[in-house]
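Have a look at the structure below, then the notes.
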Amino acid sequence: MARTPVIVGNWKMNLTRSAAADLVNALRAKLDGVRDVEIGVCPVATVIPSIAPLLAGSAIRHGAQNVHWEDSGAFTGEISGEMLRELGCTYAIVGHSERRQYFGETDARVNQRAKAALRWDLTPIICVGETLEEREAGKTLEVVGRQIRGCLEGWSAEELKKAVLAYEPVWAIGTGKTATPEQAQEVHAMIRGLLTELFDADTAQAIRIQYGGSVKPDNVKSLMAQPDIDGALVGGASLKAEQFVPLVRFRD
Ligand code: PEP
């Protein structure tokens, strides 16, 4: 089954409004003609209202780096799906390893956040991945399998089809160490196999699984050549047009 690659930049807590506007304009100039890759950027929430109009009519969609599981209420510092929808967001990243590590996110919370995204017609990008310690202990497949089960517990196949998954080994995020294409493919294939078991083969074949972890212009081609890698979630290299553009244009 042909799955349209999806490449999304996670800007994390970087770029104020003017720097974000400069980046968006540079990306538009080089990416507006791209039709065969779905492209997104996820800025810090305060920047979304200023870049949304700059992206109108372009090939680049925008999203948020998190979403709360309730639609409103006494949740200081959080943002709801309805609020993101109002800003024209397409994506909400959930379960990023930095959220898990620094803010105590659990699979159960990630599950709730992703479900809230779906309620508001946002595509959740659900992140999973093992630490270095877990990989060295030979527990990668077990850990990632457990995260996938927890994040998707209680989901229907129809719901899953509206999500994107991202395999991001924690040891590869922001470190310059990338998983080899073979290491990434092994985990992606395991995830797809598990989705076949938990849902059905059609759903498992339809779902897009991004790889994330120090994706750069010089490694994107070999990662994207793997049969079960359907895109990339990109941190550092998404902050510079000269790096993000060739990532998106990995086929050139
Ligand atoms: C990320 O934060 O999702 C990520 C993959 O970061 P980097 O590309 O910088 O490793």
Side-chain angles (χ1 to χ4, degrees), residues 5-15 19-20 23 27 37-45 47 60-67 89-105 107 110 113-114 117 122-132 134-135 140 143-144 147-148 151 163-181 183-185 187-188 191 208-224 226 228-250:
V6 53
I7 298 191
V8 174
N10 170 15
W11 292 359
K12 310 192 187 187
M13 198 172 71
N14 293 296
L15 305 181
L23 176 55
L27 294 178
V37 176
E38 189 180 312
I39 314 163
V41 293
C42 295
V44 68
V47 162
I60 306 167
R61 306 168 190 204
H62 63 276
Q65 297 173 17
N66 204 1
V67 60
C89 286
T90 296
Y91 310 101
I93 299 171
V94 292
H96 190 279
S97 70
E98 288 149 17
R99 300 291 320 171
R100 292 174 184 264
Q101 189 180 348
Y102 303 127
F103 303 97
E105 296 276 347
D107 293 328
V110 176
R113 289 184 189 273
L122 300 162
T123 300
I125 299 179
I126 304 171
C127 304
V128 295
E130 82 288 1
T131 63
L132 184 59
E134 289 162 340
R135 174 160 284 269
T140 299
V143 168
V144 174
Q147 291 171 331
I148 292 284
C151 292
V164 167
L165 301 181
Y167 167 56
E168 299 206 300
V170 179
W171 49 272
I173 297 179
T175 58
K177 282 189 210 158
T178 321
T180 64
Q183 283 174 322
Q185 169 59 25
V187 181
H188 282 234
I191 294 173
R208 291 175 298 174
I209 310 174
Q210 298 174 310
Y211 167 77
S214 299
V215 178
K216 305 280 183 236
D218 63 357
N219 58 28
V220 66
K221 258 188 207 299
S222 56
L223 288 161
M224 291 301 297
Q226 299 301 312
D228 289 296
I229 298 184
D230 310 309
L233 185 57
V234 185
S238 70
L239 296 172
K240 292 203 162 73
E242 62 273 24
Q243 293 199 14
F244 195 60
V245 166
L247 285 187
V248 172
R249 292 185 168 276
F250 69 93

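Heavy-atom basis, side chains included; hydrogens, waters and symmetry copies ignored. Nothing fancy with the numbering, it's 1 onward along the sequence. Counting starts at 1 for both ligands and their atoms, in listed order.
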Open item on the list: Students should find this: residues with any non-hydrogen atom under 4.0 Å from ligand 1. What is the answer?
Closed with: Asn10, Lys12, His96, Glu168, Ala172, Ile173, Gly174, Gly212, Gly213, Ser214, Leu233, Val234, Gly235, Gly236

Open item on the list: Given 3.5 Å as the limit, does a donor-acceptor pair link the side chain of Thr178 with the main chain of Ser214, or not?
Closed with: yes

- [ ] Compute whether any side-chain donor of one residue and acceptor of the other, for Gln185 and Asp228, lie under 3.5 angstrom apart.
- [x] yes

Task: Salt-bridge present (Arg135, Glu130; N to O < 4.0 Å) - done: yes

Open item on the list: Can a donor-acceptor pair be found, under 3.5 Å and without considering hydrogens, that links the side chain of Gln65 to the backbone of Lys12?
Closed with: yes

Open item on the list: Which label fits Tyr211 and His188: parallel for a plane angle under 30°, tilted from 30 to 60°, or perpendicular past 60°?
Closed with: tilted

Task: Test item: Arg113 side-chain N/O and Val67 main-chain N/O as donor-acceptor pair under 3.5 Å - done: yes

